[in-house]
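Report on one structure; see the data block that follows.
Nothing here was measured: the structure is a model prediction, and the numbers come from that model.
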Amino acid sequence: MKLDFLGDAFDHWKGSLIESLSKAHILRNFAVDLMVTDGDWRNEDFQLYARLLRVAQGQLLEHRVTLTEREKYFNEIQHPGDLFLDSDTGVATGTAKKQHVKACEIGQLLDRGPSDRLLVIYQAVRGKVEPRVKEVVNALKKPNVVLTGCSYESNTAAMLFLSRIATRSDQVADHFDALLKPRAGNRIRRFPGDQ
């Protein structure tokens with residue numbers, strides 16, 4: 001998350017999705033990792049971010065190291081519940097930069113949390129969303145990250161909901177299917193780990 005992006009329309013969209021899932025009691029012991037990629041964040045910036053995401057500021061994870069020390073950064077994430085990673089660009093399908101999340105890091109976070117952890121990741125997209133989401137799903141299969149998931153797709157971004165337990169991502173997809181009927185087919189995509 002870059003400070004320059006704070007308060008853009010995507011923060012409102014992310015917050016709306018998170019609030020909807022929270023009110024439906026689908027998210028469990030939910031926390032947010034901002035994945036800050038720039039400095040100079042002040043307390044009021046964190047407060048604004050929490051308000052936009054419709055979470056308590058105490059749900060934002062804190063770090064002692066930055067993403068320049070990726071292994072240490074991800075090892076600091078010891079939260080025992082569901083988790084949202086707000087990376088600048090989403091899951092890396094090629095060479096990862098600090099604004100990406102690597103497939104192996106996703107696997108580690110799923111392994112480190114409860115067995116039914118739901119991992120939520122913001123995915124920015126250049127071009128068409130559907131092919132990009134498929135590319136991400138294929139990248140997640142390569143390191144044998146066994147998972148199931150779904151995506152909520154806009155015309156320029158997606159939110160990915162990943163778990164090792166199909167019932168968790170199915171709850172998310174079912175929730176948004178019911179909310180968006182009859183338009184869910186254009187927005188909600190399920191991807192079982194065996195596809």
For A103 and A139 the tightest heavy-atom approach is CB-O, 3.8 Å
Within a 6.0 Å radius of atom CG on D40, are there more than 12 heavy atoms belonging to other residues, nucleotides or ligands? no
Take atom CD of Q78 as the centre, draw a 6.0 Å sphere, and report whether it contains more than 12 heavy atoms from other residues, nucleotides or ligands. yes
With sequence neighbours excluded, tell me which residues meet side-chain contact (heavy atoms from CB on, under 4.5 Å) with E44. R42, Q47
Could you tell me how the ring of F30 sits relative to the ring of F84: parallel (under 30°), tilted (30 to 60°) or perpendicular (over 60°)? parallel
Could you note down all residue pairs passing side-chain hydrogen bond (donor to acceptor under 3.5 Å, both in side chains) where residues 23-34 supplies at least one of them, sequence neighbours left out? R28-D116, D33-H63, D33-Y73
Which residues share a ring pair (Phe, Tyr, Trp, His ring centres under 6.0 Å) with F74, sequence neighbours left out: none
For D111, what residues pass the side-chain hydrogen bond (donor to acceptor under 3.5 Å, both in side chains) criterion, not counting sequence neighbours? R164
Does the side-chain contact (heavy atoms from CB on, under 4.5 Å) test come out yes or no for D88 and M35, once each step is laid out? CA-CA 8 Å; D88 289 342; M35 293 189 68; over 6 Å; no
Could you check L140 against L162 for side-chain contact (heavy atoms from CB on, under 4.5 Å), going step by step and ending with a plain yes or no? CA-CA 10 Å; L140 292 173; L162 309 171; 4.0 Å; yes
Apply ring pair (Phe, Tyr, Trp, His ring centres under 6.0 Å) to F5 and list each qualifying residue two or more places apart in sequence or on a separate chain. none
Check side-chain hydrogen bond (donor to acceptor under 3.5 Å, both in side chains) between N75 and all other residues, then give those that pass, not counting sequence neighbours. R112
Where is the tightest heavy-atom contact between A173 and C150, given as atom of each residue plus distance? N-SG, 3.8 Å
Does K72 come within less than 4.0 Å of E76, counting only side-chain N to carboxylate O? no
With T66, which residues qualify under side-chain contact (heavy atoms from CB on, under 4.5 Å), at least two apart? T68
What's the verdict on side-chain contact (heavy atoms from CB on, under 4.5 Å) for D11 and K14, showing C-alpha distance, side-chain angles and the deciding distance? CA-CA 5 Å; D11 288 339; K14 295 173 212 174; 3.3 Å; yes
Residues in salt bridge (Lys or Arg N to Asp or Glu O under 4.0 Å) with R54, at least two apart? E19
Atom pairs and distances, side-chain donor-acceptor, residues 175-182, under 3.5 Å, sequence neighbours left out:
residue	atom	partner	partner atom	Å
H175	NE2	S20	OG	2.6
D177	OD2	R190	NH2	2.7

Please check if the side chain of R117 supplies one atom and the backbone of L109 the other of a donor-acceptor pair under 3.5 Å. yes
List for me each residue that meets side-chain contact (heavy atoms from CB on, under 4.5 Å) alongside S22, sequence neighbours excluded, and say none if there are none. I18, L27
Sorted by chain and number, sequence neighbours left out, side-chain contact (heavy atoms from CB on, under 4.5 Å) with S151 holds for V133, E153, L160, R189, F191
Ring pair (Phe, Tyr, Trp, His ring centres under 6.0 Å) partners of Y122, counting only residues at least two apart: F10
Can you see which heavy atom on A157 is nearest to which on V125, and at what distance? CA-CG2, 4.1 Å
